[in-house]
Amino acid sequence: MGRRWVVLWLAVLLVLTGIVARSGAILALSLPVLIYIGAALLMSPGRVSLDIQRFQNAHFVHAGAPVNIKLTVANEGAYLPEVEIRDELPPGLAEQTGSSHIRAAFDRGEKIDFDYSIDSRRGIHKFNQVEIISSDPFGLFPQHISVVLYNQLSAIPAVQALRSIHIQPQQTRPYPGPIRSRKGGSGTDFFGIREYQAGDPMRWVNWQVTARHAEDLFTNQFEQENIADVGIIVDARHQTDVTGSAGSETLFEYSIRIAAALADAFLRDGNRVSLLVYGYGMDRVFPGYGKAQRERILRCLAQARTGQNYPLETLNYLPTRLFPARSQLVMVSPLSRHDAPQLIRLKAAGYDVLIVSPDPVDFQARAMADQPFIVEAVKLAQVERALLLKKLFRAGIKVVDWKVDQPVDRAIQTATRQQRHAPRPVRWQR
Amino acid sequence: MNLKWTRKCLIASAILSAVTLALAYALNGFYTVAALLLITGVMWLSKFAQRRSPLASLVFVLFTLFCILGYWLQLSMPLLILALTAMLAAWDLDQFTWRVSEETPVMNLDRMEKHHLQQLLLVLGIGLVIAEVVLLIQISLSFWAVFIAALLVLFSLTRVLALIRREG
């Protein structure tokens with residue numbers, strides 16, 4: 001029972017007893033209690049008029065960065081004997097220092113500031129309202145008021161700088177870049193020899209070949225280096241996400257971080273990059289270049305979450321039309337054992353597929369290290385995963401098997417370098 | 001959390017209430033009840049010192065019931081009114097202490113405490129004086145006048161209860 005009910009029911013009890021006993025003395029006994037309740041009613045503030053403003057030192061931060069929030073509250077109405085002000089934090093955010101709620105007495109025209117800091121988690125966080133609880137001096141009749149005060153905090157994933165990633169899609173775009181395009185033209189790497197054409201620089205003339213022919217001049221051809229279309233696919237299917245030890249991050253958070261790093265690396269090289277988050281729905285960022293595109297991708301990744309969507313449990317409905325034909329696809333996924341046919345089909349359709357796969361077996365094994373029979377279970381799961389990766393590798397898909405406690409940059413460089421000269425894959429056939 | 005004056009007033013009110021009620025019972029020869037009341041008061045204070053609050057409302061209800069019982073035992077009504085008023089003050093101060101000791105930080109605590117004590121003293125002082133004066137006034141009212149007056153009070157209280165329910 002709330003405290004106000006105690007005093008109110010006691011007042012009722014005293015008055016009723018007074019009536020039943022027909023005793024003025026008992027009614028007199030009830031008078032201090034009745035006057036106390038009456039005074040609380042009379043002194044309870046009527047209309048609460050508070051001017052509240054919220055200030056943030058940043059609206060757009062990297063996840064994990066502290067954000068300071070300051071609230072300024074000015075009383076524009078009558079004296080308020082007891083007010084509790086609660087800044088409603090968006091779900092998933094918690095105070096790091098200071099407090100998001102205070103209790104105070106407000107004189108007319110008084111202004112109070114209070115601040116706190118939060119440890120921003122990845123996501124778009126919306127601060128919607130401030131809760132005010134104003135009561136009489138005895139706290140008997142609290143009045144709840146919600147003030148709409150909208151602010152937004154975008155916590156984008158932290159971007160790790162990666163070295164330039166070697167990719168070689170079949171189709172490149174006609175603008176200079178770092179990717180060898182399998183076409184002759186101006187470049188640095190020798191590509192072939194052709195007959196001299198008017199306009200060719202003399203230093204391109206291959207004098208040794210020319211010496212063997214009486215009439216003709218031959219010039220060296222170089223491989224064009226262009227930019228490419230890169231489509232990044234982030235696997236946000238609920239069934240591929242793995243939870244680690246209690247309180248730690250899920251594997252999906254690592255996928256998000258590596259997707260951000262990959263997008264940054266490909267955009268830095270001048271490529272046209274698009275993003276698809278496949279899982280709960282299909283969030284996408286259409287292809288684009290440069291810093292603006294980087295920001296669009298990071299914002300999309302900030303909002304990404306895993307979810308259950310039965311039609312999207314497999315990769316059957318991966319919308320390949322979003323990605324230009326024969327472009328580079330980079331899939332960030334822990335992979336499930338049913339994914340191989342769809343990925344091989346992508347490769348067969350002409351896409352150059354690179355899979356960056358955070359290792360779910362290793363991730364979960366470390367979280368469950370103290371459980372019995374875990375060694376045997378891990379061994380079985382590792383064998384199953386190794387077979388899956390080998391199947392993909394044989395189909396010509398580059399796979400980065402990344403144990404999340406190891407540097408991803410090294411894992412990508414090692415994998416792409418090893419597979420650069422790998423034998424041509426067995427073509428997928430119906 | 002300082003609340004020096006609140007704690008002092010609370011302890012003083014609780015002691016005053018327990019002693020007054022015990023005295024009222026002791027004067028009529030109910031020594032066991034008086035001792036019980038004193039022990040209850042001491043227990044509550046010791047629990048308050050250990051920062052455990054839920055006893056306050058229980059002790060308040062218990063003391064009110066003993067005040068009503070005291071009427072039938074024909075104890076001194078001025079003492080009972082004083083005991084009940086002091087207990088109400090102690091209960092209110094206990095609630096105030098716990099309210100401001102929650103995890104919510106309090107700004108202007110000294111001012112809030114000062115205002116609270118002033119207003120509580122004023123309100124309960126007025127209540128006590130009126131109640132004691134009412135005991136001295138001897139007017140005879142017909143049953144129906146008392147009945148209607150009491151009904152009005154009850155009606156007001158039920159309106160207050162309804163208001164609280166609606167807000168809650």
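Quick note: numbers below take in every heavy atom, side chains included, and nothing from hydrogens, waters or symmetry partners. Throughout, protein chains are lettered first and strands after them, A, B, ... in sequence-line order, and every chain is numbered starting at 1.
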Trainee: Do A:His101 and A:Tyr116 have their ring centres less than 6.0 Å from each other?
Mentor: no
Trainee: Could you look at A:Asp136 and say if it's the side chain, the backbone, both or neither that has a heavy atom under 4.5 Å from chain B?
Mentor: neither
Trainee: Do A:Gln56 side-chain atoms and A:Ala58 backbone N/O form a donor-acceptor pair below 3.5 Å?
Mentor: yes
Trainee: With only heavy atoms counted, which part of B:Leu120 is less than 4.5 Å from chain A, the side chain, the backbone, both or neither?
Mentor: both
Trainee: Under 4.5 Å from any heavy atom of chain B, what part of A:Ser30 do you find: side chain, backbone, both or neither?
Mentor: neither
Trainee: Taking B:Phe66's backbone N and O only, do any of them form a donor-acceptor pair with B:Tyr25's side chain (distance below 3.5 Å, no angle check)?
Mentor: yes
Trainee: When you look at OH of A:Tyr150, are more than 12 heavy atoms from neighbouring residues, nucleotides or ligands closer to it than 6.0 Å?
Mentor: yes
Trainee: With respect to chain A, which residue among B:Met112, B:His116, B:Arg99 yields the maximal number of heavy-atom pairs within a distance under 4.5 Å?
Mentor: B:Arg99
Trainee: Chain B heavy atoms under 4.5 Å from A:Ile102: which part of the residue, side chain, backbone, both or neither?
Mentor: both
Trainee: Distance to the ring centre below 6.0 angstrom and angle to the axis at most 45 degrees; does that hold for A:Arg305 and A:Phe252?
Mentor: no
Trainee: Below 4.5 Å from any heavy atom of chain A, which atoms of B:Leu80 appear? Answer side chain, backbone, both or neither.
Mentor: both
Trainee: Say whether, by atom type as modelled, one donor and one acceptor occur between the side chain of A:Arg122 and the main chain of A:Ala304 under 3.5 angstrom.
Mentor: yes
Trainee: Using a 3.5 Å distance criterion without hydrogens, assess whether the side chain of B:Thr64 forms a donor-acceptor pair with backbone atoms of B:Phe60.
Mentor: yes
Trainee: Heavy-atom pairs under 4.5 Å with chain A: which of B:Thr85, B:Val134, B:Ile81, B:Asp92 has the most?
Mentor: B:Asp92
Trainee: Checking heavy atoms, do the side chain of A:Tyr79, its backbone, both or neither come under 4.5 Å from chain B?
Mentor: side chain
Trainee: Examine whether an atom of A:Leu29 lies under 4.5 Å from a heavy atom of chain B, and if so say whether it belongs to the side chain, the backbone or both; otherwise answer neither.
Mentor: both
Trainee: Top residue by heavy-atom pair count (under 4.5 Å) with chain B, among A:Ile19, A:Leu13, A:Leu10, A:Leu14?
Mentor: A:Leu10
Trainee: Strictly distance-based, threshold 3.5 Å: is any side-chain N or O of A:Asn75 a donor or acceptor partner for the main-chain N or O of A:Gly109?
Mentor: no
Trainee: Pick whichever of B:Leu65, B:Asn108, B:Ile137 has the most heavy-atom pairs under 4.5 Å with chain A.
Mentor: B:Asn108
Trainee: Could you tell me if A:Arg257 sits above the aromatic ring of A:Tyr254, with its cationic atom closer than 6.0 Å to the ring centre and no more than 45 degrees from the axis?
Mentor: yes
Trainee: Top residue by heavy-atom pair count (under 4.5 Å) with chain B, among A:Leu27, A:Val15, A:Ile26?
Mentor: A:Ile26
Trainee: For the candidates A:Ser100, A:Pro81, A:Ser23, A:Ala40, which exhibits the highest count of non-hydrogen atom pairs separated by less than 4.5 Å from chain B?
Mentor: A:Ser23
Trainee: Measure distances from B:Arg111 to the heavy atoms of chain A and classify the residue's part below 4.5 Å as side chain, backbone, both or neither.
Mentor: side chain
